[in-house]
Amino acid sequence: MGIFLAAIIAQLIARSMTDWEAMKNVLTVSAILTVLPMANLASPLLVMLRIPSMSRELYEKCRQSGQEERLLYELVITSKDLILPVDAVLIHPSGTICYCPKKDISTKKAEEYLNGMLGKWKLNKNARVITEERTFLKRLGAMPHACGLSEDTEGTYAAELLKNLSI
């Protein structure tokens, strides 16, 4: 972002130094066009400022579940009308379980979106969003341990999809 900011400032300084009207117009337009990619870079950062990081205690509890190779941490899954902060995701052959600490999120809407995206990739459409930490940890501990994610092609694709949906 610093490069974009420096380019914008340089263009505006060059604009103020010239007397040629056509060149002023070109420099103004180029400065405006430089702002667009900078805004695309800055918008996810602004969203991330509002979302707190997961607690160390939760991370340690998730690691103790024995499912470490199937867990993803701290994703912010986005769609046109949804920002879903997810502290932990378990990708299991029986389904995907997401823990979202945000209590006011519509879990039904989030599950519909996730299942729709998983279905488009022809993956297991059994995604659940849990907003209670205790319920998530209980479910995490109750899941049977499956072999490694690297051996599970569908799990690998599901992990890749969730990473791509996240900012």
Side-chain angles (χ1 to χ4, degrees), residues 1-63 67-91 96-123 127-133 136 149-150 154-167:
M1 268 195 337
I3 294 170
F4 286 115
L5 189 59
I8 292 167
I9 292 170
Q11 291 166 357
L12 293 175
I13 290 172
R15 183 189 185 283
S16 67
M17 296 172 86
T18 185
D19 290 331
W20 188 24
E21 201 59 37
M23 183 57 77
K24 282 187 176 191
N25 292 342
V26 168
L27 289 169
T28 301
V29 169
S30 65
I32 290 169
L33 292 176
T34 307
V35 168
L36 297 174
M38 186 172 146
N40 281 340
L41 288 174
S43 61
L45 295 175
L46 293 175
V47 169
M48 296 298 291
L49 289 176
R50 296 183 339 181
I51 300 170
S53 186
M54 77 184 285
S55 68
R56 182 74 179 174
E57 295 83 29
L58 175 61
Y59 174 73
E60 291 299 329
K61 289 176 185 176
C62 289
R63 286 195 58 199
Q67 305 275 4
E68 181 63 27
E69 71 275 2
R70 298 186 155 277
L71 283 166
L72 298 175
Y73 298 103
E74 294 192 337
L75 301 176
V76 180
I77 299 170
T78 58
S79 71
K80 288 189 304 192
D81 49 30
L82 177 71
I83 296 176
L84 181 67
V86 176
D87 280 359
V89 178
L90 174 66
I91 299 169
T96 302
I97 304 168
C98 304
Y99 168 61
C100 174
K102 194 174 177 183
K103 305 289 186 231
D104 62 342
I105 197 82
S106 170
T107 57
K108 183 178 180 188
K109 191 176 191 181
E111 288 172 357
E112 285 174 2
Y113 174 70
L114 290 172
N115 286 323
M117 292 306 292
L118 289 167
K120 286 179 184 177
W121 276 39
K122 297 180 178 26
L123 300 171
R128 296 287 171 252
V129 176
I130 299 173
T131 59
E132 293 293 328
E133 182 179 325
F136 173 76
L149 184 61
S150 59
E154 185 168 321
T156 304
Y157 288 143
E160 195 64 34
L161 171 65
L162 292 174
K163 289 177 189 176
N164 286 334
L165 292 176
S166 179
I167 54 174

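Hydrogens, waters and symmetry mates are skipped; everything else that's a heavy atom, side chains included, is used. Counting begins at 1 with the first residue of the sequence.
- Although no hydrogens or angles enter the test, the distance criterion places no donor-acceptor pair under 3.5 Å between the side chain of Y99 and the main chain of L90.
- Distance alone, capped at 3.5 Å, is enough to place a donor-acceptor pair between the S166 side chain and the V76 backbone.
- Here the closest heavy-atom approach between residue I83 and residue K102 is recorded as O-NZ, 4.5 Å.
- Looking only at side-chain heavy atoms (C-beta outward), I105 and L82 come within less than 4.5 Å of each other.
- One distance of note links CG of L114 with CG of L123; it measures 12.0 Å at 0.5 Å rounding.
- Under the 4.5 Å side-chain criterion, counting only non-hydrogen atoms from C-beta, I77 is not in contact with M117.
- The neighbour count for D104 CG, taken as heavy atoms of other residues, nucleotides or ligands under 6.0 Å away, is above 12.
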Evaluate the criterion side chain to side chain contact (heavy atoms under 4.5 Å, CB included) for residue pair K103 and E132; output intermediate values, then yes/no.
CA-CA 8 Å; K103 305 289 186 231; E132 293 293 328; 3.8 Å; yes
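- A pairwise comparison of heavy atoms in T78 and Y113 identifies O-OH, 3.2 Å as the closest pair.
- Of the possible donor and acceptor atoms, none in the side chain of R128 sits under 3.5 Å from a partner among the backbone N and O of I97.
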Hey, mind stepping through E133 and D87 against side chain to side chain contact (heavy atoms under 4.5 Å, CB included) and telling me if it holds?
CA-CA 10 Å; E133 182 179 325; D87 280 359; over 6 Å; no
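- Summarising the geometry, atom CG belonging to L118 is positioned 11.5 Å from atom CD belonging to E111; distances are rounded to the nearest 0.5 Å.
- Residues Y73 and R63 meet the side-chain proximity criterion, which asks for heavy atoms closer than 4.5 Å.
- Scanning both residues, A110 and V129, for their nearest heavy atoms gives CB-CG2, 3.9 Å.
- Here the closest heavy-atom approach between residue P85 and residue C100 is recorded as O-SG, 3.1 Å.
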Test salt bridge (Lys or Arg N to Asp or Glu O under 4.0 Å) on E57 and K61 and set out the steps.
CA-CA 6 Å; E57 295 83 29; K61 289 176 185 176; over 6 Å; no
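- Of the possible polar contacts, one joining the N115 side chain to the A127 backbone as a donor-acceptor pair under 3.5 Å is found.
- Of all non-hydrogen atoms in C62 and F136, the two that sit nearest each other are SG-CE2, 3.9 Å.
- The line from CG of L75 to CG of L84 is 9.0 Å long, rounded to the nearest 0.5 Å.
- Here OH of Y157 is found 15.0 Å from CG of L162. Values are rounded to the nearest 0.5 Å.
- Other residues, nucleotides and ligands contribute at most 12 non-hydrogen atoms within 6.0 Å of the NZ atom of K120.
- Within the model, atoms OG1 of T34 and CD1 of I9 stand 11.5 Å from one another, a figure rounded to the nearest 0.5 Å.
- The structure places CE of M38 at 5.0 Å from CD1 of I8, a figure rounded to the nearest 0.5 Å.
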